[in-house]
Each structure stands twice: as C-alpha cells, then as structure tokens.
Amino acid sequence: MALTNRHTDGFATRLGVLTATLGSAVGLGNIWKFPYMTGDGGGAAFLIIYLLATLAVGLPVMIGEIMLGREARANAVGTWKNLAPGTPWFLVGAAGVLAAFLIMAFYTDVVGWVFSFIVRAATGQLNSTDPKVGEAAFSAMVSHPWHALFWQWGVLALVGGILLGGVSKGIEKTTKVLMPLLFLMLLAVCVRSLMLPGAAQGLAFLFAPDFSKVTVDVVLNAMGLAFFKLSIGMGTMMTYGSYFRSDADIPLTTARVMLADLVVSLLAGIAIFPAVFNYGLEPTAGPGLLFMTMPAVFSSLPLGQVFMTVFFLLTGIATIGAMLSLFEVPVALFAGSGMMSRKAAVIATALGLAAFGVPATLSFSTLADVSVFGKNFFDLYDFLSSNIILPLGGICICLYAGWVWGGARSHAALSNGGTLANAAVIRVWYALVRYVTPLLVVLVLLKGLKVF
Ligand code: TRP
C-alpha cells in the first residue's frame with residue numbers, strides 16, 4: 001500500500017491519547033443537550049436507551065473510524081485515499097471536512113456567548129434572581145452583530161493559537177491539563193447544588209425512570225445524540241486516530257472515553273437541575289437553561305457569583321477540546337496535502353472558519369429574516385451536519401470497515417497485531433459493524449430527513 005500524506009507528529013503518551021479523545025467528546029453536548037434530553041426522555045429510562053445506543057451505534061462507529069485513521073496515518077481525506085486509492089470513498093472525508101466547517105460555525109458562536117458570560121458573571125453583571133436579567137443580557141449579546149462576532153473570532157484565535165503548537169505540544173498538552181480541571185470544577189458545583197433543599201426534586205427529574213416517555217422518537221434521538229456526543233461520522237475521530245500510538249488499545253480507549261463522557265454529562269445534570277428546582281424555575285432546554293435560568297439560580301445562592309463564574313468557566317473549558325478536534329480536521333488536511341506548512345494551515349483554517357461563522361452568528365441579528373429551506377443559517381448548518389453528514393459518514397465507515405476492509409485486517413488492527421487479548425470484543429464489534437449499526441444509522445438518517 002502506497003501511503004501518502006503521512007504525518008510525523010502524534011499523541012506522545014497513552015494518557016494523552018485518552019485526554020485528547022475525551023476532550024473531543026466532552027463539550028456543549030454534555031451541558032446543554034444531554035441533561036435536558038435525559039430529564040425530558042424519561043430519566044433513568046433514557047439513560048438505559050442512551051447506553052444501548054452508544055453500545056450498538058456510537059462505539060462501533062468510533063472504533064472503526066479511529067482504526068481506519070490509525071491504519072492510514074493520514075487526515076480525513078488522505079485516509080480514504082491511502083486505504084482505497086482511485087475510488088470515490090475519499091468523498092466521505094471531503095464531506096467530513098465540510099461538516100467541520102459547518103459545526104464550528106455555529107459551535108463557536110455559542111462558545112462565544114459562554115465566554116462573554118464568564119466575563120459578565122465574574123464582573124457581577126448577572127447578579128439577579130430574576131431570569132429576565134439573564135434574558136436581557138443574552139438578547140443584547142446575540143442581537144449585537146459586532147459583539148457576537150468579536151467573541152466568536154476571539155474563541156477561534158484562542159483555539160488556533162493552541163493548534164499552532166502542534167498535536168503533542170498543542171492538543172495533547174492542553175487537554176491533559178483541562179480535563180482534570182473540568183472534573184474538579186464540575187464536582188465543586190455538584191456538591192453545592194446537592195446541598196440545596198430542592199436537590200431531591202432535581203435528581204428525580206434527572207434519574208427517576210419513566211418508561212412511558214420512551215417513544216420511537218426518543219430512541220432515534222438518543223442514537224443521533226450518540227453521534228454528536230462522541231464526535232463521530234465526519235473525520236474528527238479519523239484524524240485523531242491517525243495520531244494514536246500504535247500500542248494504544250482502541251476498543252478500550254473508546255469505552256473509557258464513552259464512560260467518562262457519560263459521567264461528565266451526569267455531573268452536569270446534577271450541577272444544574274437540583275438548583276433549578278430549588279428555585280421553582282422551569283427546566284428548559286438549550287440557550288434558555290444556560291444563559292437565562294442558570295444566572296438566576298446562582299444569584300439566589302450564598303457565594304452565588306463565585307459558583308456562577310465557575311460554572312460558565314467550566315462550560316468554556318469543556319468546549320475547548322471539542323473545538324480543537326473540529327478545527328484540527330481541515331488543518332490536518334491542508335498541512336498534510338503538502339500545500340502549506342502547519343502554521344499556514346492553521347491561519348487559513350481560522351480565516352475560513354471566521355468567514356463561515358458570520359452567517360450563523362448573524363442569524364440572530366442582521367440576517368434574522370433570511371431563511372434557506374425554512375431555516376436560518378445557524379439551524380441550517382446544524383441540520384446539514386448533524387442530521388445528514390454525520391449519519392451518512394457513519395454508514396460509510398461501517399460499510400467500509402465491515403464489508404471492504406474486512407475481518408482479518410480489522411482483527412489485526414484492533415488487536416495491535418495480536419498483542420492484545422481482545423478477540424472476543426473484536427468479534428462482537430465486527431458483527432455489529434456489518435449487520436446492526438449501519439441499519440440503525442439508516443433509521444437515524446431517515447428520521448433526520450423527516451421521512452418519518
Ligand atoms: N462532542 C462534542 C460535544 O458534545 C462536539 C463535537 C466535537 C463534535 N467534535 C465533533 C460533534 C465532531 C460532531 C462531530 O459538544
């Protein structure tokens with residue numbers, strides 16, 4: 001096999017492999033998607049469904065994607081060109097790079113809001129028990145075009161700056177510091193939240209099993225969430241896989257990442273809902289919960305401003321590893337194709353992302369009335385990436401790994417050439433990736449396209 005575009009930098013330690021991959025998985029999804037979907041989808045009943053969805057869909061795709069990346073040791077497009085030269089498979093990688101731009105465009109918009117709220121919380125601008133104060137701060141921010149763009153571009157500069165350091169000295173080093181820090185801060189807010197009188201009600205919202213809420217919709221949403229949560233289906237994990245050490249245990253690493261990511265999501269739920277119920281506020285979803293309800297909740301607590309600042313800071317910290325992994329996909333492509341140096345690739349990508357981000361960010365101000373297919377740019381980017389490219393990519397990864405790449409090569413790759421005693425695990429993975437996972441992802445895709 002003639003390998004092209006191979007890179008020299010990679011994750012230097014096995015701990016770094018874990019923190020970087022976990023850093024990619026942990027992000028906004030844990031804090032403003034997962035807890036609410038759990039509460040709304042039947043608490044513990046949803047958790048069981050989500051666990052099954054990650055086992056049947058998330059982990060098999062993640063393992064296959066990382067495996068292919070490590071085998072080819074190239075970027076999201078180069079991997080396919082190395083493994084299947086002269087075939088159209090590389091289009092899967094090209095779609096993934098497009099998805100990286102689309103996701104980053106709206107993701108960095110929201111992260112910009114978070115960072116601006118860190119400053120507002122720290123300077124006491126959100127100290128009010130009335131959710132209307134958070135609401136006013138939020139709408140002033142999103143409706144002010146330059147304000148929103150300033151924060152978005154600042155976030156891009158920060159992430160680009162880390163990526164200039166490279167893979168081991170940039171991504172790996174940063175996530176090794178941020179992941180433990182995130183756990184500590186999250187635990188501190190959880191303890192505070194659990195000490196409140198209303199804690200039991202919040203925990204009940206999150207954990208009390210209600211199987212009557214589990215509909216076909218909830219199951220399909222859980223599978224879709226597994227894609228977004230685990231950063232799979234668009235080449236992020238393929239790119240990171242190409243940086244994996246040859247002695248890293250891929251199935252074990254993915255299982256650890258999935259469990260640790262789940263723990264972060266549950267801790268986020270424990271940090272949020274007891275406090276929300278304690279003050280009799282509504283457990284809303286998305287921006288409402290994060291930017292309007294949470295400031296009001298914290299303002300009611302003794303030392304609330306400190307905890308509010310820590311809360312927004314930990315949310316910001318959680319997003320950095322996710323953004324590093326998304327940003328790295330085009331950087332690895334541009335730098336790996338020999339067109340330019342890594343530094344030039346980071347700058348070119350940052351400029352491209354800044355430009356792509358403008359329509360998403362202005363969806364709440366200047367371009368509020370512009371709609372394409374009935375959606376503003378923010379929602380359109382989200383729809384195209386989450387509902388179409390991620391599931392399509394997932395299907396292609398399963399078909400390639402399970403039916404083209406095949407059993408013998410997969411066994412060799414996932415057992416590190418026979419040095420790991422994980423034959424049974426690989427056999428289960430192989431059966432899933434051939435017969436089960438792709439069919440389930442087809443259902444997710446059809447649901448995403450609103451076929452049913
Ligand atoms: N997993 C991250 C989160 O939960 C988001 C993310 C990072 C992502 N990389 C991705 C989503 C790649 C889809 C594809 O916030």
Side-chain angles (χ1 to χ4, degrees), residues 27-29 31-33 36-37 95-120 131-132 134-160 221 224-225 227-228 231 234 284-295 312 315-316 318-320 322-323 326-327 329-330 349-391 448-450:
L28 287 172
I31 293 164
W32 84 346
K33 266 198 175 144
Y36 181 76
M37 280 178 81
V97 177
L98 173 65
F101 276 92
L102 295 170
I103 297 174
M104 271 300 265
F106 69 84
Y107 206 86
T108 51
D109 184 24
V110 180
V111 177
W113 304 343
V114 172
F115 276 71
S116 129
F117 263 54
I118 298 173
V119 175
R120 282 162 196 263
K132 290 214 167 60
E135 202 178 316
F138 181 69
S139 59
M141 174 180 58
V142 299
S143 63
H144 196 306
W146 287 114
H147 191 129
L149 287 175
F150 167 83
W151 284 100
Q152 182 176 36
W153 291 346
V155 166
L156 282 172
L158 171 72
V159 177
N221 285 339
L225 178 66
F227 267 81
F228 193 85
S231 313
M234 46 74 67
T284 48
L289 179 65
L290 211 51
F291 299 106
M292 299 165 203
T293 311
M294 289 315 280
F312 284 111
T315 305
T319 65
I320 290 179
M323 293 190 293
L326 285 159
F327 199 139
V329 171
T349 304
L351 293 174
L353 290 171
F356 245 74
V358 171
T361 301
L362 298 190
S363 294
F364 304 97
S365 52
T366 323
L367 301 178
D369 298 327
V370 181
S371 80
V372 185
F373 305 123
K375 296 180 193 315
N376 63 27
F377 282 102
F378 187 102
D379 293 335
L380 181 71
Y381 286 7
D382 186 12
F383 174 80
L384 289 176
S385 53
S386 306
N387 289 21
I388 299 178
I389 302 181
L390 298 187
L449 291 171
K450 306 209 166 49

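These numbers come from a predicted model, not from an experiment. The first residue in the sequence is number 1, and the count goes up from there.
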So does [Y] get a backbone contact from the side chain of [X], meaning a donor-acceptor N/O pair under 3.5 Å?
X	Y	answer
T361	V358	no
Y107	L28	yes
S363	F378	yes

Taking all non-hydrogen atoms of both residues into account, name the closest pair between [X] and [Y] and its distance.
X	Y	value
A105	A360	O-CB, 3.9 Å
F228	S386	CD1-OG, 4.0 Å
G27	A322	CA-CB, 4.4 Å
A148	M141	CB-O, 4.0 Å
F101	T349	CE2-O, 4.3 Å
S143	S365	O-CB, 3.3 Å

On the 0 to 90° scale, with breaks at 30° and 60°, tag the F291-F138 ring pair as parallel, tilted or perpendicular.
parallel
Can you label the angle between the F356 ring and the Y381 ring as parallel, tilted or perpendicular, going by 30° and 60°?
tilted
Counting C-beta onward and ignoring hydrogens, is there a side-chain heavy-atom pair between [X] and [Y] closer than 4.5 Å?
X	Y	value
P330	M104	no
L362	L149	yes
P295	F312	yes
L289	W32	no
D109	F364	yes
T319	V114	no
K375	D382	no

Interatomic spacing from [atom1] in [X] to [atom2] in [Y] - rounded to 0.5 Å:
X	Y	atom1	atom2	value
D379	F373	CG	CZ	14.0 Å
K132	S139	NZ	OG	12.0 Å
I31	T315	CD1	OG1	4.0 Å
L102	L390	CG	CG	10.0 Å
S231	I103	OG	CD1	8.5 Å
R120	W113	CZ	CH2	12.5 Å

Take N376 and L367, measure what side-chain contact (heavy atoms from CB on, under 4.5 Å) needs, and give me the verdict at the end.
CA-CA 8 Å; N376 63 27; L367 301 178; over 6 Å; no
Evaluate F117 against L290 for side-chain contact (heavy atoms from CB on, under 4.5 Å), listing each step before the verdict.
CA-CA 10 Å; F117 263 54; L290 211 51; over 6 Å; no
Starting from the C-alpha separation in whole Å, work towards a yes-or-no answer on side-chain contact (heavy atoms from CB on, under 4.5 Å) for L156 and F327.
CA-CA 9 Å; L156 282 172; F327 199 139; 4.2 Å; yes
Passes side-chain contact (heavy atoms from CB on, under 4.5 Å), L353 versus T108? Steps please.
CA-CA 9 Å; L353 290 171; T108 51; over 6 Å; no
